[in-house]
Visitor: 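Before anything else, here's the structure in question.
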Amino acid sequence: MIKMKRMRTFWLYLLVTVMIVVLSACGQSDNTDNASGNAGNAGNGGQKQVELSFMTTWSESDPFTGVYYKNAMAFEKANPDIKLDIETIPYNDYPVKLNTTAAGGNLPDLILMIGGGSMFEQIARSGSLMPIDDMMGNWKEDFLPASKIKEFNVDGKQYGIPGEISYATVIYYNKKIMKDAGYTEFPKTYEAFKAMVKDLKAKNITPISYGNKTGSVLLASLLSPLNERISGSGLYEEIKSGKQKFTDTEFMTALKDIKELSDMGAFNVDLNSIDNVQATNLFLSGKSAMYIDGSWGAKQISKDKAADFEVGFALFPQIEGGKGSMSAMPAATNQGVVLNAKLDDAKKAAAEKFLQFMYSKESYQNIIRDGNMVPANVETPADVDPLFKEMTGTFAGIKEIAPVYDVAMPATVVTATKNGLQGLTTPGGTTPEAVADSLQKELGQ
Amino acid sequence: MEQRLRPKRSLSAQIHRLVLLLLLVINIYPLLWMVLNSLKTEQELTANPFGIARQPVWSNYVEAWKVAKLGPYLLNSIIVTLSAVVLTLLVGALAAFFLSRFEFKSKGFLLVYFTFGMLIPIHATLVPLFIEMRTLNLMDNRLTLLLPYTAFNLPITIFILAGFMNAFPKEVEEAGIMDGCSVMGIFGRLILPMLTPALATAFIINFLNNWNEFSFALVLITDGALKTLPIGLASFAGQYNRSYTLQMAGLTIVLVPTLLFYLSVQKYLTAGMTAGAVKG
Amino acid sequence: MQIFLRHKWIIAAGLIPAIAIYTMFSIYPILSSVYYSFFKWDGFSPKQWYGLQNYANLIEDGVFWQSIRNNLYFVLFSVLGEIPLGLYLAMMLHGKLFRRDGIFRTVFFMPVVISTIVVSLIWNMFYNYQFGLVNTALRAVGLDDWAQNWLGNPKLAIFVLCIVVVWQYTGLYMVIFLAALQNVPSEVLEAAELDGAVGIKRTWNIVVPIIADTIFASVVLCISGALRAFDLIYVMTNGGPSHSTEVGATYMFSQTFSSMKYGYGSAISTAIIIISFGLIIISQFILRSVKR
């Protein structure tokens, strides 16, 4: 009987807890309503504070986006009449949040578009975003060339400005391993590169480590440069417009090259089951001669490498008889903030101030200082990381920017290609022909 | 029976003991591994993933606490989780009681109806639920997660409780009627106390589901002051970087309350049939 | 029992709260999703009526069927692995032999308590090609040829994941059965009774009928869990390499949120529900005929 009584007290207690929680929840939402109401009233009187909601991945503690977060904080400090209501979403989950809020018709005032390109095009064409052409007078062509911001331009309308530009393919190599194997200079042609890979493999060294678990690395840092070297920078446009097919010789050659590299053992066996952090660590612990990733990879290498580890930088080699050249490089522009189409005039004016600040000379210099390349023409500050400086020196000869596959192609084709490339580089996986067929089918839909 | 403290060890008993000990190691080693690695640097983790840290990096814990905003999120998680569990158990136990101990026309249909809830892939409901919550003006407050969590855990709760109650003998109600109990009296005085082990099971399952739930929390909560732990724990991975050791430190921190909770509820799992009067 | 029949409204009042919450926040959203499956929709632009085209595409989609096949592996491993193993553990811990050893009960449930992220991280490391525990152990005993890239091998990866799933969830069924066994006097389960085939058979005959309903519920739970499996795969392999570990839920997720084919994703989730419902009916049919 005592037990029963205790049981009843227990349930009563639970019930009370629920009530308290429910009541406190209601109380809280009331409070917030009042708060915004007060702000509105105060606004009529005099100083009006505009609040902008902003959905982003920027986070103070993240080594890659922390600088943007700090720039945004600096903006708030300089503009007390504007309040940023920042919601930070973990990077991997950003698409889910973005797509859900968009499908639910409830986008915030400012939205971070991590990259431009085809996915962004789809969103822009839906009319959910506000073009900023009337604000573009804030940026002069010699400061911010149109060619560098075109990924955020859809059908002739500009929607945003990228904060950084990332080269998709940098070959990081271990100078010591290379020297011991007899290579003092990095090969300039693809044939010589392949010969070196074979030679390294014969010497029982893993030639290249990739971290392709998500599928995006091989896409950006192997397929994209191969396509550029073989076909020049126009291939994706031609395929999208139907002038060429995935199954035609040019694209097939790239797929076959990847298969060939995989078959000769050029990659770490587990390339499709580890991520780029783990692959970088393989490289840094001397388990592979080269590591291939985008220019962003330099940051982790610089941070985590041992003091005596000597890293070299090289560009993807020239393919003889190809239409591309080493003065071109696939690159993507990232970190552009775009505006909700439904902004009223006050919010729009505040948003313009925000963009002006975030993509100003000072902000861009902060971004460079943090180890990123920017689309704007600004001086490199003196206090940048020496390794980063050395890497950008390698890029000095680059005159032309070619599209990156995952930016240029529709999202469905990108997903299919990621899986196709994983299949190509898996023993007993798919053939180049099968991959090309499936891509063509996906594009056709 | 109780006099014999340790039963005689037969050969088969020894074999069973060996199997259990083996399973014990398999089950506990991974946790140990996580705790050990939470004290390493990122390079050490790669170079030596199965050893002990040469120099424990305690600052990982401080950093993890800060990066994942564990302070505020911990409190939010506790509030949301517990209130949802309580609501689910209250409503679920009542429903299970009627579905298990009574005969009525729509019973079969209702059982099937609740089964459907266990088949729903939750990612399919994100967008509709988002729209619904916005229409009902339920976004971004403490009720936001309470209702979906309850709805999605009700089916399993009802099935566990009803399945358990089905094994009770008919005499329970008959005894209750003899004593002049009302329907709710039978439920409250006779059934609920007998239900303790199943309630504990349901409590644990509900708790873990809510505690670890990610997608609803991601999509339905925008206000940083209301977010929950799983969202914080996801912030160790960025676009190009991922901090495994910090993540393991964060996960270890979060594991502590979970374990404490389980240990405190565990004894009710085997609370047994103390309501001896009605033992069939 | 007749006294209750006069109080039909009590039954209704007891059931309505559950039905209301469940219908509003679980059934209504999924019905909306079924509705979206008849549209072509990227989530941003206006919806276009698409009729049954999404379903027609689904039937011809090889990746979808491969995902479902992988789901079925999960079902098999869960039902034939987790339930018997969980029942065995529960009977052991309920019997006299290990009753007092609370440590077992705590530790066997550990994998359920820790979040899926932890499970994924740990097992990813165990299966790692270069320095994973499995390969290290194989190489140590001279079986270098057996060492492989477990999660990168399209033929093996799904089974490797199945093992992790069994590891992760056996404890859950142990707890469920442990609670159910409280209805069984522990003397019945005395360790001596498990000696030899006669003992096992006798125990089986006594115990199983008493907890039959719990076993049925557990099978339903297993099937529904296996068909909705998402977190573990999403973190460990992300469905790769090249769809070889894709399951219905991960495929639905990537179609919806990466490929932005919202209508198609909804069609996949509808198909998952239909298939799992079918499986549950079949399983209950089998179980009931076994019971008789």
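Per chain, numbering begins at 1; letters A, B, ... match sequence-line order.
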Visitor: Could you check whether Glu60(A) pairs with Lys69(B) (Lys NZ or Arg NE/NH1/NH2 to Asp/Glu carboxylate O, under 4.0 Å)?
Guide: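 No, no charged N to carboxylate O under 4.0 Å.
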
Visitor: Between Phe64(A), Tyr94(A), Trp296(A), which has the largest tally of heavy atom pairs under 4.5 Å with chain B?
Guide: Trp296(A)

Visitor: Could you tell me whether Phe203(B) and Tyr268(B) have their ring centroids closer than 6.0 angstrom?
Guide: no

Visitor: Select one option (side chain, backbone, both, neither) describing which atoms of Thr57(A) are under 4.5 Å from chain B's heavy atoms.
Guide: neither

Visitor: Ignoring hydrogens and geometry, is there a side-chain-to-backbone donor-acceptor pair from Ser53(A) to Asp85(A) under 3.5 Å?
Guide: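 No; zero donor-acceptor contacts below 3.5 Å.
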
Visitor: Between Thr101(A) and chain B, with a heavy-atom cut-off of 4.5 Å, which part of the residue counts as in contact: side chain, backbone, both or neither?
Guide: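 Backbone plus side chain of Thr101(A), per the 4.5 Å heavy-atom cut-off to chain B.
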
Visitor: Identify which part of Leu138(B) has an atom lying under 4.5 Å from any heavy atom of chain A, answering side chain, backbone, both or neither.
Guide: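 Answer is neither: Leu138(B) stays 4.5 Å or more from chain A.
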
Visitor: If I measure from the heavy atoms of chain B, does Asn334(A) come under 4.5 Å with its side chain, its backbone, both, or neither?
Guide: side chain

Visitor: Looking only at side-chain N and O atoms, does Asp385(A) offer a donor or acceptor that is under 3.5 Å from a partner on Ser302(A)?
Guide: yes

Visitor: With a 4.5 Å cut-off on heavy-atom pairs, point out which of Val127(B), Ile231(B), Ile131(B) contacts chain A the most.
Guide: Val127(B)

Visitor: Quick check on the interface: out of Val96(A), Asn92(A), Asn106(A), Val277(A), who has the most heavy-atom pairs with chain B under 4.5 Å?
Guide: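 Maximum pair count with chain B is reached by Asn106(A).
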
Visitor: For the interface with chain B, which of Pro108(A), Ser285(A), Gly297(A), Ser61(A) has the highest count of heavy-atom pairs at distances below 4.5 Å?
Guide: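 Ranked by contacts with chain B, first place is Ser61(A).
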
Visitor: Evaluate side-chain hydrogen bond (donor to acceptor under 3.5 Å, both in side chains) for Lys287(A) paired with Asn281(A), printing each intermediate quantity in order.
Guide: CA-CA 9 Å; Lys287(A) 296 223 168 76; Asn281(A) 284 332; over 6 Å; no

Visitor: Under a 4.5 Å heavy-atom cut-off, does chain B meet the side chain of Leu284(A), its backbone, both or neither?
Guide: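 It is neither, since no heavy atom gets under 4.5 Å.
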
Visitor: Yes or no on side-chain hydrogen bond (donor to acceptor under 3.5 Å, both in side chains) for Tyr68(A) and Gln335(A), after CA distance, side-chain angles and deciding distance?
Guide: CA-CA 9 Å; Tyr68(A) 293 96; Gln335(A) 312 295 353; 5.3 Å; no

Visitor: Below 4.5 Å from any heavy atom of chain B, which atoms of Ile86(A) appear? Answer side chain, backbone, both or neither.
Guide: neither

Visitor: Applying ring-ring contact (aromatic ring centres under 6.0 Å, His included) between Phe309(A) and each of Tyr291(A), Phe283(A), Tyr172(A), report the one that passes.
Guide: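 By the ring-ring contact (aromatic ring centres under 6.0 Å, His included) criterion, Phe309(A) pairs with just one of Tyr291(A), Phe283(A), Tyr172(A): Phe283(A).
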
Visitor: Report the relative orientation of the aromatic rings in Trp211(B) and Phe207(B); use parallel for angles under 30°, tilted for 30 to 60°, perpendicular for over 60°.
Guide: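 Taking Phe207(B) first and then Trp211(B), their aromatic rings lie parallel (interplane angle under 30°).
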
Visitor: Under 4.5 Å heavy-atom distance to chain B, tell me which part of Asp62(A) shows up: side chain, backbone, both or neither.
Guide: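 The side chain, not the backbone.
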
Visitor: Which answer fits Asn276(A), side chain, backbone, both or neither, if we ask what part of it has an atom under 4.5 Å from a heavy atom of chain B?
Guide: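 Just the side chain, heavy atoms under 4.5 Å.
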
Visitor: Which bit of Lys66(B) comes within less than 4.5 Å of chain A, counting heavy atoms only: side chain, backbone, both or neither?
Guide: neither

Visitor: With a 3.5 Å cut-off and no angle check, do the side chains of Asn272(A) and Asn212(A) form a donor-acceptor pair?
Guide: yes

Visitor: Report which part of Tyr244(B) has an atom under 4.5 Å of a heavy atom belonging to chain A: side chain, backbone, both, or neither.
Guide: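 Contact with chain A involves the side chain of Tyr244(B) alone.
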
